[in-house]
Amino acid sequence: MDKYDPAKIEAKWQQIWKEQDSFRVPNPAEPGKTDPSRKSYVLEMLPYPSGTLHMGHVKNYSMGDVIARFRARNGFTVFHPMGYDAFGLPAENAAIKTGAHPAELTRINTGNINQQLHRLGVSIDWSREISTCDAEYYKWTQYFFLKFFERGIAYRKEAPVNWCPSCATVLANEQVIQGECERCGATVEPRSLTQWFFRITGYAERLLADINLLDSWPERVITMQRNWIGRSEGAEVVFRVAGLDIDIPVFTTRPDTLFGATFFLLAPEHELVETLVDGTEYENPVRDYVTAARLKPAADRAAAGRGKTGEFTGRFAINPVNGESIPIYVSDYVLMEYGTGAIMAVPAHDQRDFEFARKFGIEVRVVVSGDGAGAGDGPAMAAAFTEDGVMVNSGRFDGMPNRDAGRAITEWLGVEHLGRAAVSYRLRDWLISRQRYWGAPIPVIYCDRCGAVPVPEADLPVLLPEVGDYAPKGKSPIAANEEFVNTTCPSCGGPGRRETDTMDTFVDSSWYFLRYTDPHNDLAPFDKAVAGYWMPVDQYIGGVEHAILHLMYARFFTKVLFDMKLVNFREPFRNLFTQGMIYYKGAKMSKSKGNVVNPDEHVERYGADTLRLYVLFMGPPELDVEWQDQGIEGAFRFLGRVWRLVGEIIEKTEAGESGAAAMAPVAGPVVSGEAVGLMRKTHQTITRVTADIGERFHFNTAISAVMELVNQAYLIKDGLFSSEDGRLALRFTAETIVQLLDPFCPHISAELWERLGHEELWQHPWPQADAVYLEEETYELVVQVNGKVRDRLQMAAAASKDELVAAARASGKAGRYTEGKQVIKEIVVPGRLVNIVVK
RNA sequence: GCGGGUGUGGCGGAAUGGUAGACGCGCCAGCCUUAGGAGCUGGUAGGGUUAUCCCUGUGGAGGUUCAAGUCCUCUCGCCCGCACCA
């Protein structure tokens, strides 16, 4: 046979798949009445077209394709679409540098990626391709904004926000990592701006509770989401400012420590700070403190271990449980965004409050005692006591276990109308406005008379206008386009000005999986029945870096759409698989580090099949792995071995001696026992590969199982060609190898399958293992003495327990260790081992 | 600090509580070849003996069990997430 030439056969099959539109899946004519039980929606996170695909994408799409092709061949109608997350800063920044239009750059990049995906041979239904920067798509993103606005989920408020000076835009909390911009790493600055938000906090409880509806998500992703939502149970307690008619509520998770509150704190941003100090001698120092705190970068302010600072306001708060007056301070360790922006401080039982109290000489009063006796040791404490104990110094609650007291105090507060049980979340509302160009314009018009007025649905899309200069100047470049900005108010017809901010690109990607189901619908974002047929996504695959951002937003979006009755499911992604990253030279691949492995070069050199095979063979798909330059050589060698093996079998056997015949048990005289052995190995391999792909996603072990089979075939093939049974077994083995390899390496498999005399491998049913061949006649019995292996014996599969014991006892090798000893017992595991326990 | 994950040859990694190191890379040897950075075959955890066999070994220390990489307790290292969240 000719030499293995991946470039030639890959081009050939990609052309055939393209011409035949092989992976196209039409929507059912009557989706509501069509049985969706055999559909499988396989989805990989859509790529951001910043340039070309990198190795992480190759892994992602290779995995998705293995699952898609495997399921297709197992009788599922596989829905496997693709698109581009095309709005975003990289294209815009490149545009600023080169002067090209971001749309043009995006068009070029998506074209490149489309070509790369074709060259990988991924089984995508390209008729459903979408790009989030197309007006036909973002029209519906804007539509959802309007619907969210109608429901009060989209709203505008002035708030302290995160400003990235490098990206020149505000960021959502999720996009700030340790005080730095998630995208560019610049230190974010606090600013107070009026911005658009999505009220995701209203869904905090459901985002948490509905985790139970997910079938299979990685534990760490679930944990990260739980942590991010950060639900805390406690109480809201109202403190009154002495001498003023002002009530300030605080949130606490420790209502049991209320009697230990010896001071009170406000966040610098708290709206009442000014009221409390206005016109008093404390006015100036407090104002100075507040100003300094507002300017401090969030990262500095949050730095743990930094000494506590604060400023006394001259005011006192009255503790509702005992009527005590406690001093009110302003301190920057109190966060305006969490709880109510004010806290009661209990230094004896909170380390932060303790540090503040020590610095400012405030009383530390123990109200929960560890040993039940040691009350009043506050002045001697070296640190706060944060464990559970028994109540002291707390009036009628003394002597109670503190957790019980917490509940009792909360209840009492409720009765007295001084507080109530409350739940607080760490999750904040999603800030979606961006002061940048390359995004979907927020469809709102401002009118002096009517305020913020939504653009009427009929006027969508609000097209992104042309601008002369993309460089951000603290506000969106769109603001410079007077023609765009100046319009009429849809409500009163008077002069209006358009909103010039665009939406966070995470809004675009929060619903793209729905658009795939009905991508050309121009009357609605999607048809409910059609979406209901394909959704939810049965298997979602992507990087763990989206564990919070994208996955939380998409879950939120789906829940809002559920409430709007646009979808009939609560969770979009039933199963999630997060792949590990590929490292190179000990680090994450990145252009700045210069350690990037370019997929195109490897496709060129070895072919897509080899690259796909290697990225999945490298290790368990969920773990981070290190790219090894020589590793891919091994994958290429293996495919060469397969090519030559199958080629030789094609040449030396007849097509008539093929799979169908081999599916029946080997009948008649078995010329060579090895023919049966090969049939057994082949069927065992079917079992292993099927389980490894279908149930465990252990692609690396599935591949190694095929490698074993190939190795086995090589060892015994020469002895088998001479007999009829041998040729039959070899032909069947060759066909099986090709079929099992198909999800990983579809091109070489399709080619060899054709040469074996068949058609359309991607539609051919997945091979089934035949139990007749799985049963071994003999096996190796391990003989242990006191748990140590001493001998291995060939035993008949049917041997009884007694026979196994007898054989084990008769073993000379094992006998050396049992001689002269007393046999206490014998453990028999049929099919595996006998363990003789002696003393 | 809290939460999650992970630790096995020179390397990537296999092992429903039942033969530790499958498979691949690398390395060594043989065959084939005018040649080989091709192909085929064999070997390759460490230590001691080599006809063979023995001992030790899955980060460390205990424990459960006839039997532990696997289960339990403690502990150490690394990775990820959150972190002044009241």
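A note on names: the letters A, B, ... follow the listed sequences, proteins ahead of strands, and every chain is numbered from 1.
- Within the 4.0 angstrom heavy-atom criterion, only backbone atoms of the sugar-phosphate kind lie near A:N700; the bases stay farther away.
- Using cut-offs of 30° and 60° on the angle between ring planes, the pair A:F356 and A:Y333 is tilted.
- Protein atom OH of A:Y606 is 17 Å distant from nucleotide atom P of B:G24, rounded to whole Å.
- Straight-line distance from the CD1 atom of A:I211 to the C1' atom of B:G3: 14 Å, rounded to whole Å.
- Rounded to an integer number of Å, the gap from CZ of A:R254 to P of B:A86 is 11 Å.
- Separating the CG atom of A:L709 from the P atom of B:G24 is a distance of 12 Å, rounded to the nearest angstrom.
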> After noting the C-alpha distance and the side-chain angles of A:W627 and A:Y614, does the key distance pass the ring-ring contact (aromatic ring centres under 6.0 Å, His included) rule?
Replying inline: CA-CA 9 Å; A:W627 176 273; A:Y614 178 57; 5.0 Å; yes
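- Taking atom C1' in both B:G42 and B:A15, one finds a spacing of 25 Å when rounded to whole Å.
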What N/O pairs connect the protein and nucleotides 47-55 of chain B at under 3.5 Å? Give each pair on its own line.
residue : atom : partner : partner atom : Å
B:C53   : OP1  : A:K813  : NZ           : 3.2
B:C54   : OP1  : A:Y817  : OH           : 2.8
B:C55   : OP1  : A:R790  : NH2          : 3.3
B:C55   : OP2  : A:R790  : NH1          : 3.2

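- A distance of about 41 Å separates the P atoms of B:U50 and B:U65, rounded to the whole Å.
- In this structure, A:Y329 has its ring center no closer than 6.0 Å to that of A:F264.
- One can place CG of A:L549 at 14 Å from C1' of B:C82, the figure rounded to the nearest angstrom.
- Using a 4.0 Å heavy-atom distance criterion, A:P620 is classed as a sugar-phosphate-only contact.
- Dashed line: the shortest gap from a side-chain N or O of A:R426 to OP1 or OP2 of B:A83 is under 4.0 Å.
- The closest donor-acceptor contact from the side chain of A:R231 to the backbone of A:I229 lies at 3.5 Å or more, if one exists at all.
- Counting any heavy atom pair closer than 4.0 Å across all strands shown, A:E708 reaches sugar-phosphate atoms only and no base atom.
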> What would the secondary structure line of RNA chain B be in dot-bracket form, counting Watson-Crick and G-U wobble pairs under 3.5 Å, with [ ] for pairs that cross earlier ones and | for pairs with another strand?
Replying inline: (((((((..(((.....[....)))((((((.......))))))((((....))))..(((((..]....))))))))))))....
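- Counting non-hydrogen atoms under 4.0 angstrom, A:G230 reaches nothing in the nucleic acid.
- Relative orientation of the A:H550 and A:H546 rings is perpendicular, given thresholds of 30° and 60° on the angle between their planes.
- Between A:F617 and A:F638, the distance separating the two ring centers is not shorter than 6.0 angstrom.
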Below 3.5 Å between N/O atoms, which protein atoms pair up with nucleotides 5-10 of chain B? Just atom names and distances, please.
none

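- Nucleotides B:G59 and B:U6 have their C1' atoms positioned 11 Å apart, rounded to a whole Å.
- At distances below 3.5 Å, not a single donor-acceptor pair connects side-chain atoms of A:Y4 with backbone N or O atoms of A:R641.
- Aromatic rings from A:Y553 and A:W430 are positioned such that their centres are separated by under 6.0 Å.
- Nucleic acid contact class of A:R688 (heavy atoms, under 4.0 Å, all strands): none.
- Salt-bridge check for A:R294 with A:E269: failed, with every basic side-chain N at 4.0 Å or more from each acidic carboxylate O.
- Between A:F263 and A:I326, the closest heavy-atom pair is O-CD1, 3.5 Å.
- Straight-line distance between the P atoms of B:G26 and B:G81: roughly 34 Å, to the nearest whole Å.
- Between A:I211 and A:R555 there is a side-chain heavy-atom pair separated by less than 4.5 Å.
- Here the side chain of A:S704 is nearest to one of B:A86, B:C84, B:A22, namely B:A22.
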Identify the pairs formed between an N or O of the protein and an N or O of nucleotides 62-69 of chain B at a distance under 3.5 Å, and give each distance.
residue : atom : partner : partner atom : Å
B:C66   : OP1  : A:K825  : NZ           : 3.3
B:C66   : O2'  : A:N835  : ND2          : 3.2
B:C66   : O2   : A:N835  : ND2          : 2.7

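- A:H698 places no side-chain N or O within 3.5 Å of a backbone atom of A:D692 that could act as its donor or acceptor partner.
- Within the 4.5 Å cutoff, side-chain heavy atoms of A:M45 are placed close to those of A:L551.
- Salt-bridge annotation for A:R688 and A:E708: present, with a side-chain N of the basic residue lying under 4.0 Å from a carboxylate O of the acidic one.
- For the pair A:Q225 (side chain) and A:A547 (backbone), a donor-acceptor distance under 3.5 Å is present.
- Base orientation of B:G59: anti, since the glycosidic angle falls outside 90° of 0.
- The distance from the CG atom of A:L427 to the CD atom of A:E205 is 11.5 Å, given to the nearest 0.5 Å.
- The distance from the CG atom of A:L715 to the NZ atom of A:K681 is 10.5 Å, given to the nearest 0.5 Å.
- Across all strands, A:V334 comes closer than 4.0 Å to base atoms (heavy-atom distances).
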Could you write out each protein N or O paired with an N or O of nucleotides 34-42 of chain B at a distance under 3.5 Å?
residue : atom : partner : partner atom : Å
B:G39   : O3'  : A:R644  : NH2          : 3.1
B:C40   : OP1  : A:R641  : NH1          : 2.9
B:C40   : OP1  : A:R644  : NH2          : 3.4
B:U41   : OP2  : A:R641  : NH1          : 3.4

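- Residue A:E826 is classed as having no contact, given no heavy-atom separation below 4.0 Å to the nucleic acid.
- Comparing B:C71 with B:G24, their P atoms sit 28 Å apart, to the nearest whole Å.
- Pairs of residues two or more places apart, or lying in two chains, that qualify as side-chain hydrogen bond (donor to acceptor under 3.5 Å, both in side chains) and include a residue from residues 251-268 of chain A are A:R254-A:D256, A:D256-A:N402.
- Rounded to whole Å, the distance from CE on A:M581 to P on B:C78 is 18 Å.
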>> Determine whether A:E648 and A:K652 satisfy the following criterion, salt bridge (charged side-chain N to carboxylate O under 4.0 Å, His left out), listing intermediate values before the conclusion.
In response: CA-CA 6 Å; A:E648 187 182 354; A:K652 296 186 179 171; 2.7 Å; yes
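- One C1' atom belongs to B:G5, the other to B:C55, and the distance between them is 35 Å to the nearest Å.
- A straight line from CZ of A:F638 to C1' of B:G24 spans 10 Å, rounded to a whole angstrom.
- To the nearest angstrom, P of B:A83 lies 12 Å from OH of A:Y338.
- To the nearest whole angstrom, the two C1' atoms, one in B:A45 and one in B:G57, are 8 Å apart.
- Between B:G9 and B:G43, the distance separating the two C1' atoms is 15 Å to the nearest Å.
- Set against B:C23, B:A15, B:G81, the side chain of A:N227 has B:G81 as its closest nucleotide.
- Within the 4.0 angstrom heavy-atom criterion, only backbone atoms of the sugar-phosphate kind lie near A:S232; the bases stay farther away.
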